[in-house]
Every structure is written in C-alpha cells, then in structure tokens.
Student: 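Below are the structure tokens for one structure; questions will follow.
In this chain, numbering begins with 1 at the start of the sequence shown. No experiment lies behind these values; they were computed from the predicted model shown.
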Amino acid sequence: MSETIAHKDKDGGAVDVLVQQIRQYIYENQLAVGDSLPSERDLGTRFAAARNTVREAIRILKAYGVIDVRPKVGAVLVDRHMDAIFDVFSFQIGLSRETFLDIQNFRRLIEVNSVDRLFENLDDDIFARLAAINEKLRQSDTVEEAAETDFNFHCTLLETTGNRTLVTVYKSMRPMIGRLMETGKETDGLDSTYEAHTGILQALQKRDRLAYMYLMDQHLDHGLNYIENSLGHPRAKENQT
C-alpha cells in the first residue's frame with residue numbers, strides 16, 4: 001500500500017511540475033488568449049514528461065480555465081474567469097447608458113494616456129500593420145466587418161504598449177465596444193473613422209505627443225454620440241442646467 005501511495009505522490013508531483021513549466025512557457029513566449037500550445041507530444045518531448053503526465057497537466061489547466069481543448073486545433077489559451085465575469089456584467093447592465101459611458105471613458109484613459117509607451121515601442125513594422133488595418137477598414141463590405149477591423153486597429157495600438165494585462169482587459173470588453181463601433185459605422189459610414197485613424201497615425205509617425213492625445217481624445221469623444229443611438233436615448237443638451 002505504501003508503494004502505491006508513494007507512486008501516486010510521485011505522479012502528482014510530476015504533474016504539478018509540468019503545470020508550472022507550461023505556465024512558464026506561456027509567460028516566456030508571451031502567448032495570449034487565442035494562441036495555441038504545442039501538441040501533447042511536443043510538450044512531452046520539450047519537458048521530458050510522460051504521455052499521461054502531459055494529459056493530466058492539460059486537464060488541470062483546462063479546469064483552471066487557462067486553456068480549452070478544441071478539435072483539430074488542440075490546447076488554446078482562454079480566460080474563462082474573465083469571460084464569466086464579463087458575461088454576467090454584460091447581462092445585468094449591458095444596456096445601461098452609464099455603463100457604455102464608463103467603458104468609453106475607460107478607453108479614453110488608457111488609449112490617450114498610453115502615448116509615452118507607444119512612442120517607446122513604435123517601429124516601421126507596427127506603422128505598416130496599423131496602416132494596413134486602416135485600409136482594410138475602408139474596404140469593409142459589412143458593418144460587422146468594419147467594426148471588427150476598427151477594434152483590431154485600437155487593440156493593435158494597445159498591444160504596442162507591451163502591457164498584456166491591459167490588452168486582455170480591453171479584449172474582454174469586445175462585445176460592448178464592438179456594438180458601439182457597429183452603431184458608428186451605421187451612422188457615419190467608414191470615412192470618418194478612416195480619416196480619424198489616419199490623423200492618429202500621422203501624429204504617431206511625427207512623434208507629436210500633443211497631437212496624438214488630442215486626436216485620440218476627439219475620436220473617442222465622437223464615439224460617445226453613438227451611445228445615444230445604440231441605446232435609444234436622446235443626447236442631453238450641452239450646458240444644460
């Protein structure tokens with residue numbers, strides 16, 4: 001009996017070690033939500049782990065909400081905890097005008113004030129990616145495609161800061177931000193968004209800090225107009241007392 005218990009403890013220890021190794025691998029390779037882990041065979045080879053140990057480690061990571069195992073894809077990084085929290089959040093107050101305002105102002109705080117980190121990490125490749133996304137926006141065939149591309153533009157900007165937590169939180173708001181962006185495309189079409197993005201890119205290329213902050217602030221402020229359309233509320237009169 002003691003040999004059996006010792007054997008189980010040994011296996012359990014090996015699984016715990018492998019779980020930590022996989023987590024370290026995710027961190028060192030800067031994997032994000034949606035990225036795939038190596039196959040079970042590759043993980044076993046990489047970490048000199050038995051097949052059963054790999055499968056048990058994958059099972060534990062799945063139970064923790066770190067990964068999801070999908071057919072023909074394998075283990076993919078997810079964030080079930082954030083999804084669950086945001087699903088409840090969206091269900092309970094998703095139609096609240098105040099919630100949309102809070103989210104848009106949160107975007108203002110991080111997208112306007114991330115300027116210094118952006119300037120630290122900008123390079124020609126990032127400019128090319130952002131310009132390509134903006135061109136794709138102008139050529140979108142549907143409102144949904146345009147909103148998705150618009151979101152990717154802003155998300156790519158935030159990814160440039162190198163702050164993965166910030167990007168993860170931003171992505172968690174995708175359903176509500178996406179709804180706002182769809183309303184904007186239905187209201188103004190694509191030209192105004194394309195032109196706003198172009199101005200923001202030009203300010204970044206010139207390393208003009210004040211211009212970037214002003215243009216991004218104006219771009220996000222314009223988005224507040226769509227909240228009223230999305231929720232069916234008339235916009236309050238300015239300077240109303």
Student: Relative to each other, are the rings of H197 and F153 parallel, tilted or perpendicular (30° and 60° limits)?
Tutor: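 Rings of H197 and F153: parallel, under 30°.
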
Student: Only counting residues at least two apart or in another chain, list the ones meeting salt bridge (charged side-chain N to carboxylate O under 4.0 Å, His left out) with R117.
Tutor: E120

Student: Can you tell me if OH on Y214 sees more than 12 non-hydrogen neighbours from other groups inside 6.0 Å?
Tutor: no

Student: Ring pair (Phe, Tyr, Trp, His ring centres under 6.0 Å) for F151 and Y170? Distances and angles first, verdict last.
Tutor: CA-CA 10 Å; F151 185 88; Y170 190 83; 5.2 Å; yes

Student: Quick one: closest heavy-atom pair of M181 and A147, and the distance?
Tutor: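 Taking every non-hydrogen atom into account, SD-O, 3.7 Å.
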
Student: If a pair satisfies side chain to side chain donor-acceptor pair (under 3.5 Å) and one of its residues is in residues 156-165, list it, with sequence neighbours excluded.
Tutor: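 Side chain to side chain donor-acceptor pair (under 3.5 Å) check on residues 156-165 returns no pairs.
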
Student: Does A146 have any side chain to side chain contact (heavy atoms under 4.5 Å, CB included) partners at least two apart in sequence or in another chain, and if so, which?
Tutor: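 So A146 forms a side chain to side chain contact (heavy atoms under 4.5 Å, CB included) with L137, S140, K185, L190.
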
Student: Quick one: are L18 and L43 in side-chain contact, heavy atoms under 4.5 Å?
Tutor: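 They are not in contact (no side-chain heavy atoms under 4.5 Å apart), so the answer is no.
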
Student: Could you note down all residue pairs passing salt bridge (Lys or Arg N to Asp or Glu O under 4.0 Å) where residues 190-219 supplies at least one of them, sequence neighbours left out?
Tutor: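 For residues 190-219: R108-D217, D116-R209.
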
Student: Once you measure the plane-to-plane angle for H219 and H154, does it fall in the parallel (<30°), tilted (30-60°) or perpendicular (>60°) bin?
Tutor: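 Correct class here is parallel.
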
Student: Give, for atom CG of N134 and atom CD of Q139, the distance between the pair rounded to the nearest 0.5 Å.
Tutor: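 If we round to the nearest 0.5 Å, N134:CG and Q139:CD are 10.5 Å apart.
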
Student: Is it true that Y194 and I133 fall in one hydrophobic cluster, defined by side-chain heavy atoms closer than 4.5 Å?
Tutor: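 Different hydrophobic clusters.
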
Student: Please find the pair of heavy atoms, one from V54 and one from A49, that lie closest to each other, and give the distance.
Tutor: CG2-CB, 3.9 Å

Student: Could you tell me whether the side chain of V169 reaches within less than 4.5 Å of the side chain of I110, counting heavy atoms only?
Tutor: no

Student: Any salt bridge (Lys or Arg N to Asp or Glu O under 4.0 Å) involving residues 132-149? Give me the pairs, sequence neighbours left out, ordered by first then second residue.
Tutor: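 Pairs touching residues 132-149 that pass the test: E135-R138, E148-R174.
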
Student: Is there a side-chain contact between L61 and R23 (heavy atoms, below 4.5 Å)?
Tutor: yes

Student: With distance as the sole test, does Q104 use its side chain to make a donor-acceptor pair with the main-chain N or O of L220 at under 3.5 Å?
Tutor: yes

Student: Is N52 atom CG crowded by more than 12 heavy atoms from other residues, nucleotides or ligands, each under 6.0 Å away?
Tutor: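 Not more than 12 within 6.0 Å, no.
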
Student: Applying the 4.5 Å side-chain criterion to the ILVMFWY set and letting contacts propagate, would L122 and M216 be lumped into a single cluster?
Tutor: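 They do share one cluster, since a chain of ILVMFWY contacts under 4.5 Å joins L122 to M216.
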
Student: Show the nearest heavy-atom pair for residues L31 and S36, with the distance to one decimal.
Tutor: CD1-O, 4.2 Å

Student: If you compare all heavy atoms of L215 against all heavy atoms of A203, which two are closest, and at what distance to 0.1 Å?
Tutor: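 What the structure gives for the nearest pair is CD1-CB, 4.2 Å.
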
Student: How far apart are the closest heavy atoms of C155 and V167, and which atoms are they?
Tutor: SG-CG1, 4.1 Å

Student: Of all residues at least two apart in sequence or in a different chain, which pass the salt bridge (charged side-chain N to carboxylate O under 4.0 Å, His left out) check with R46?
Tutor: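 Expected list: none.
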
Student: Hey, could you give me the OH/CD distance between Y212 and Q205, rounded to the nearest 0.5 Å?
Tutor: 13.5 Å

Student: Should R51 and R55 count as side-chain neighbours, where that means a heavy-atom distance under 4.5 Å?
Tutor: yes

Student: Which distance, rounded to the nearest 0.5 Å, do you find between the OG1 of T198 and the CG of L130?
Tutor: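 It comes to 11.0 Å.
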
Student: If you compare all heavy atoms of I58 against all heavy atoms of A75, which two are closest, and at what distance to 0.1 Å?
Tutor: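 Closest pair (atom of I58, atom of A75, distance): CD1-CB, 4.4 Å.
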
Student: Hydrophobic clustering (ILVMFWY, side-chain heavy atoms < 4.5 Å, transitive) - are V112 and L201 grouped together?
Tutor: yes

Student: Once you round to the nearest 0.5 Å, how far does CG of L180 lie from CZ of R107?
Tutor: 7.0 Å

Student: Between atom CD1 of I67 and atom CD1 of I60, what is the distance when rounded to the nearest 0.5 Å?
Tutor: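 With rounding to 0.5 Å, CD1 (I67) is 10.5 Å from CD1 (I60).
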
